[in-house]
Structures are given as C-alpha cells and as structure tokens.
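Lettering follows sequence order; numbering is per chain, from 1.
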2 protein chains.
Amino acid sequence: MAQSDTVDRILDAAEELFADRGFSETSLRMITSKAKVNLAAVNYHFGSKNALIHAVFARFLTPFSATLENAFDELEERCDGKPPTLNQTLWALTESAVRMPQRNEKGISIFMRLLGLAYTQSQGHLRKFLEQEYSEPFSRFMRLLKEATPQLSSVDRYWRIQFMLGATAFTMSSSDALRDILQNKLGVETTIQEIAARLVPFLAAGMQAEDAMLIPPVGSKVSVA
Amino acid sequence: MAQSDTVDRILDAAEELFADRGFSETSLRMITSKAKVNLAAVNYHFGSKNALIHAVFARFLTPFSATLENAFDELEERCDGKPPTLNQTLWALTESAVRMPQRNEKGISIFMRLLGLAYTQSQGHLRKFLEQEYSEPFSRFMRLLKEATPQLSSVDRYWRIQFMLGATAFTMSSSDALRDILQNKLGVETTIQEIAARLVPFLAAGMQAEDAMLIPPVGSKVSVA
DNA sequence: GTGCACTTCAAACGTATGTTTCAAACAGAC
DNA sequence: GTCTGTTTGAAACATACGTTTGAAGTGCAC
C-alpha cells in the first residue's frame, strides 16, 4: 500500500466527516476508522489534527485559487482597461468554484460547507492559515468589487460585502440540510449550481440597492440615526 | 447568595463563552470558573450541559418572541386587511430585536451570534428545542414574508429567505469584530442600529431582485441549468 | 436550638480525546 | 539474503471532558 493511498484515504474521510459534523466534533478515531487506517497514521503523516485540517483545505484551495486567478486574468483581459462589472466578477468566482475538477459529485458542496464552517467556527489556527496562504486572490476579489461599485461609499461597500459573505457562507455551510428540507417540503431537487444561480442575482441586487431606507418607513416607532 | 444569583451568573458566563467559542468548544469548567461558581452547579441547577444551552436561548428568546408577536399584531392592525409590505415586515423584526431590553450593550450582537451558531453547528438537540418552543412567531414571520412577496415562486422565496438569514446571522454574529475593523480602517463609528439600517435595504433589494441571471452573462463559459 | 429543604463544595468517576511509543511489517538497494 | 529507511500496528499515555457523589454549609420555620 503506497503512502499516497493512506494519505488520500485520510483526507477523503476527514473532508467528509468535517463537513458533516464540524471540526471539534470529529475525532481522529472516527476519521481513521472511516478511512480504514491506523489511528497513529494521522499524526505520522500530518503531525497533528490541526495540520490535517489545513491539509484538507489546501488540497482544494490551492488548485482553486490558481483557477480563480486565471479566471480573473481572463476577465480583466476581456474588459481591456475597463473594470469588470459586478455580475461579471461574481460569476467569475462562482464559475471557478463550479468548474473545479471534483473528486466526486458532492465535492463542491462538501467544500462550501467546510468554508462556511471555517468562517463561523472560531478556529483561530484555521483562519490564520487561510489568511497566510490565500490572501492574494482574496485581495484581488476585493479590489474588483471596489471597482465594480464606484457609486458606493467605502462604508456602504464594506458592510454590503459583509452581507454578501454572510449570505454565501451561511447558505453554503448548511446547503445539504437546506436542500433536504426543500426536498421534503416541496419535493424539489436542487444542485449546488442552481443555488449559486439563485444566490448571485440576490447578492448583485443587494449590493446595488438604493438605500432610501436609512429612515424607517412611516408609522414605525424608532428613528434610526 | 440567592439561587437566582448563581443561575444568572452561569447564564451570563455561558452566553458570552458560547458566543465567543461555540458550544462544543466551551467546557463547563470554563463557564463555572468565569461565573465563579462550583463546577457541579451547572448540573445541579440545569441538569446537563445541553439543558444549559437551551436555557441560554430561552432567556432571550421567550421575551423576544412576545415582543415580536406584539409588533406583528400592531403591524397587521395598521394595515387592516392588506398584507404588510416586505419593508414593513423586515422593520418590525429588526425593531423588535433592537428594542429588546438588554442586559448590556453587547446583548444583541451576542445573541445574534448565538443564533448563527445554532444554525451552523449541527447541534441536533438545539434545533429540535428551538423548533418546538418557538415555531409560532417563526411561522408567522414566514407567512408575512410570503404575503409580501407574492411574485416569487415557493422555491425562489425559500432560497432567498435563507440568503437573508445568512446575511443577518453572519453579520450580526461578528458585528463586534466588523465594527472594530471599520473603526481602525476608516475611522468610522457604527451602532447596531446603523448596521440594521444598512442591512434591511440590502435584504429587501435582494429579496425583490429580478432573476434575469439564471443564464450567466455573455462571454462566460458555463451554462447554468 | 432543632430540624429541614436547599445550595455549595471538593473530590472522584467513567469515558473520550489527541498524541506518543516501540516493535513488527514492508520495500528497495546492494 | 541482508541491511536500511519508511510505514503500519496495538497499546499505552496524559489530559480534558460531562456527570455523580456525599459531606459541609446556609437560611428559615417552628
């Protein structure tokens, strides 16, 4: 049994279990027994549980950030000089995610859930790792967003980006559960691509909303400064 | 030392620690030492750690759901017969949240973060508890949303509600950190009311977006079914 | 003051965790 | 075949967890 076999089996099992249950709620014993390898194999090959978590992210994120950089390059080239629109920028991101070669059909949604967990679970080491390793495509995406919404003040744009992040991370992090609910309630099947196709126009509309609302509607009791 | 003192100190400490670190990542020993009570006090007063988690939610959610019911009553009365608009419904919700009497100035944002965690961490017992205890105001809010967006299909509405939830829970759950960043970067102070005032138009715009976007913009490579 | 219900306390229990250890198995070079 | 570096295996380690126990302390009615 070659090394890579054990390593990959651990990564596969860890990825799925982390996505299902979260990081702290998944023990090394669950991972190694699902992967059918010895308990000590994780510490032997990765060093620690935290390092295993990083490896799970790196296996997806490293090729993804390369794909994303290419997509941004292509987009900027196609727009030669002019800044890409908000829709173009958002689509470049979602398409890069959707087009990533998948290990299996659940690959994307598993990974989206992991990204959502990374944001919501306060795993300090993980956030630090992600910031160190993948700051460049993130900064570039932020710059594109800025150029695509020149009408927004810095403060407005800042908050609306947070809103977008929230809607995305939250939805993706529970997309399996949400899909199941929808399946049971309305009998509708949904793919991750369809979710993305619904999410992008929602985000774009919110991002470009006119805020005629800083004063609450007539009849309400509280004046919002 | 009266009972209520110990109970409240435990609830205060638990609320803050859960919000900071998540449920599984917070041990009873952390809680009791922060609250300066004996370790056994939690099991004595609440029965178990899960029951403590429920109590933390109930302390906020019970008065809040009463306030919210009143706000909805008032709103529907004011609209006599006609369904309230989306903006009115969203404002009724946010105002009820903002107007809740707070134990301290961080009360709201702490609780928003807890709600976000409840959704993302797969704590089965918690979801079951919340569904059993607070299904009524939740269903009512959903009904109001439905009446305020008759143009949306059930599926569209379902997903957009998830997007709204996500943007709200995520933003509110990290609003302290986000406010700090904004303060340092741009030197701007922000209150929770102002965040709500920015969030509501974002949500309303997203909710009412025309989805002319189910086919990606010209020039993109992937057709999304 | 005595009795009684309620509350606190220190200590222990059983279990699960991440990690380490060290011998056994293995693979490839010579 | 023998040696060498790498990988696996079963077992143990130390630690942390939620929970339970039983004694000590507390406030109040009588």
So, is A:His45 close to the D:dT8 phosphate, meaning a side-chain N or O under 4.0 Å from OP1 or OP2? yes
Please determine if B:Glu147 and B:Arg143 form a salt bridge, counting it only when a charged side-chain N lies under 4.0 Å from a carboxylate O. yes
One should read off an interatomic distance between A:Glu133 CD and A:Phe138 CZ, to the nearest 0.5 angstrom, of 15.5 Å
Going 5' to 3' along nucleotides 16-21 of chain C, which nucleotides have protein heavy atoms under 4.0 Å from the base (write B), which only from the sugar-phosphate (write S), and which from neither (write -)? -BBBBB
Would you say A:Thr171 and B:Gln162 are linked by a side-chain donor-acceptor pair, where the criterion is simply a distance under 3.5 Å? no
Are A:Phe64 and A:Tyr134, when compared by the centres of their aromatic rings, separated by less than 6.0 Å? no
Give a yes or no on whether the backbone of A:Phe23 and the side-chain of A:Lys49 come within a donor-acceptor separation of less than 3.5 Å. yes
B:Thr149 side chain to B:Leu152 backbone, donor-acceptor under 3.5 Å: no
Over how many whole Å does the gap from A:Ile10 atom CD1 to D:dT7 atom P extend? 12 Å
Counting only side-chain N and O atoms of A:Thr6, is one of them less than 4.0 Å from OP1 or OP2 of D:dT8? yes
Please state how far atom CZ in B:Phe46 lies from atom C1' in C:dC6, giving the value in whole angstrom units. 16 Å
